[in-house]
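Numbers here are sequence positions counted from 1.
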Amino acid sequence: MKVVILAGGYGSRITEESMFKPKPMVEIGGKPILWHIMKIYSHYGFNDFIICAGYKQDMIKKYFADYFLHNSDITFDFTGGKNDMIIHDQHCEPWKVTVVDTGLDTMTGGRIKRVTNYIGNETFMMTYGDGVCDIDISKLVEFHKEHGKLATLTSVILEQQKGVLDIGGDNTVRAFREKKYEDGAKINAGFMVLEPQIIDLIEGDATVFENEPMRTLAERGELKSYSHHGFWQCMDNVNERNRLEGLWQSGKAPWKVW
């Protein structure tokens, strides 16, 4: 099963990093967050990736063009006027990576539609290039196959950040308590499993997949939620990037399932 990763946006909320590189190439522990996402899927045996690139897409292509070289022990032999390269050992994952320039200003749905030929007529997975999770991908896929609908998204609870107030009609605070995990709202965390028919719901480059296509799927009863109660974190800003870096450096990164 192929894994489509949306990696083409400008990353405008993390400009401190994205002015120099696409957001999926911002590093956590010396590796792009894109690499971390791919490692999660690879741990569960999914190694065929389609990267929907756009902004500074050349950096993503160059990263994978040099990936084998940078993860191998190599002798460069220039003796005798030759330029021989001998591979002794390589430490690469068994990945097949297709990087597609899906445009600078293309919306999420448009990016998916632009890689239709690479997806083929088969079930595929899709996620965003800026979020990591300790989700069990195998159980997610099993859940999707069992319910038989066109789409599955992974939902997580966005934790409430403030204390909770019970306010009466006269604006009197009747109760105050500290936040609980259950107070948060469920949000779409990506990590989707999709049937190829969903592409027919995408009109073109201007289509935001999370708007009309997903609303249509919901109205038709074709959208299911896989509830994940573990770790999930996106990287929208520098604070979130620093949180992920701190977890990685502590040796307690929950998404490191490999």
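With respect to Phe191, the ring-ring contact (aromatic ring centres under 6.0 Å, His included) criterion is satisfied by exactly one of Phe143, Tyr128, Tyr41: Tyr41. If you run side-chain contact (heavy atoms from CB on, under 4.5 Å) between Asn188 and each of Val156, Thr154, Leu153, only Leu153 comes through. Here the rule is side chain to side chain donor-acceptor pair (under 3.5 Å) with Arg114, and of Asp205, Asp101, Thr102 only Asp205 fits it.
Note: His91 NE2 to Asp89 CG = 4.5 Å, rounded to the nearest 0.5 Å. Considering CD1 of Ile40 and CE of Met38, their distance stands at 11.5 Å, rounded to 0.5 Å. Atom CE of Met1 and atom CZ of Phe46 lie 5.5 Å apart (nearest 0.5 Å). Taken to the nearest 0.5 Å, the CZ atom of Phe209 stands 14.5 Å off from the CZ atom of Arg111. With rounding to the nearest 0.5 Å, the separation of OG1 in Thr152 from CD in Glu146 is 10.5 Å. Separation of atoms CG (Asp134) and NE2 (His228) is listed at 4.0 Å; rounding is to 0.5 Å.
Not a single donor-acceptor pair under 3.5 Å links the side chain of Asp84 to the backbone N or O of Asp77. Proximity of a side-chain donor or acceptor of Lys113 to a complementary backbone N or O of Ile199 within less than 3.5 Å is detected. Distance alone, capped at 3.5 Å, is enough to place a donor-acceptor pair between the Ser250 side chain and the Leu247 backbone. Counting only distance, with no hydrogens or angles, the side chain of His36 and the backbone of Lys39 share no donor-acceptor pair below 3.5 Å.
Closest approach of Ala7 and Ile60 over heavy atoms only: O-CD1, 3.9 Å. Contact detail for Tyr55 and Pro22: the closest heavy-atom pair is O-CB, 3.5 Å. Across all their heavy atoms, Ile119 and Ile112 have their closest contact at CD1-O, 4.2 Å. Residue Leu244 comes nearest to Cys234 through the heavy atom pair CD1-O, 4.5 Å, listed as atom of the first residue, atom of the second, then distance. In terms of heavy atoms, Glu122 sits closest to Pro196 at O-CD, 3.4 Å. The shortest non-hydrogen separation linking Ile28 to Met235 is CD1-SD, 4.1 Å.
Salt-bridge annotation for Asp66 and Lys62: present, with a side-chain N of the basic residue lying under 4.0 Å from a carboxylate O of the acidic one. Between Glu245 and Arg241 there is a salt bridge, with a side-chain nitrogen of the basic residue lying less than 4.0 Å from a carboxylate oxygen of the acidic one.
Considering only heavy atoms from C-beta on, Lys186 comes within 4.5 Å of Ser227 through its side chain. Taking the side chain as every heavy atom from C-beta outward, Thr123 and Lys145 never approach each other to under 4.5 Å. Between Asp236 and Lys23 the shortest side-chain heavy-atom distance falls below 4.5 Å. A heavy-atom distance below 4.5 Å is found between the side chains of Asn237 and Glu240. Looking at heavy atoms from C-beta onward, Phe124 lies in side-chain contact with Ile198 at the 4.5 angstrom threshold.
More than 12 non-hydrogen atoms from other residues, nucleotides or ligands lie less than 6.0 angstrom from CZ of Phe231. Within a 6.0 Å radius of NZ in Lys31, more than 12 heavy atoms belonging to other residues, nucleotides or ligands are found. Atom CD of Gln197 sits in a crowded spot, with more than 12 heavy atoms from other residues, nucleotides or ligands closer than 6.0 Å. Other residues, nucleotides and ligands contribute only 12 or fewer heavy atoms inside 6.0 Å of the NZ atom of Lys224.
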Between Met85 and Asn83, does the side-chain contact (heavy atoms from CB on, under 4.5 Å) criterion hold? Intermediate values first, please.
CA-CA 7 Å; Met85 185 173 71; Asn83 184 16; 6.0 Å; no
Would you sort out whether Lys139 and Tyr226 count as a side-chain contact (heavy atoms from CB on, under 4.5 Å), showing the intermediate values?
CA-CA 9 Å; Lys139 290 183 178 178; Tyr226 179 82; 3.5 Å; yes
Set out, in order, the CA-CA distance, both residues' side-chain angles and the distance that settles side-chain contact (heavy atoms from CB on, under 4.5 Å) for Val99 and Phe49, then state yes or no.
CA-CA 8 Å; Val99 183; Phe49 299 96; over 6 Å; no
Could you walk me through whether Leu201 and Arg220 satisfy the side-chain contact (heavy atoms from CB on, under 4.5 Å) test, starting with their C-alpha distance in whole Å, then the side-chain angles of each, then the deciding distance to 0.1 Å, before giving a yes or no?
CA-CA 12 Å; Leu201 302 177; Arg220 295 179 181 176; 3.6 Å; yes
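No donor-acceptor contact under 3.5 angstrom links the side chains of Thr207 and Glu212, judged on distance only.
Partners of Phe68 according to the ring pair (Phe, Tyr, Trp, His ring centres under 6.0 Å) rule, which considers only residues two or more places apart in sequence or in another chain, do not exist here.
Taking hydrophobic clusters as Ile, Leu, Val, Met, Phe, Trp and Tyr residues chained together by side-chain heavy-atom distances below 4.5 Å, Trp35 does not share a cluster with Met126.
The aromatic rings of Trp255 and Trp248 lie parallel to each other, with less than 30° between the two planes, well short of the 60° mark.
Close placement of the Tyr67 and Trp95 rings is indicated, their centers lying within 6.0 Å of each other.
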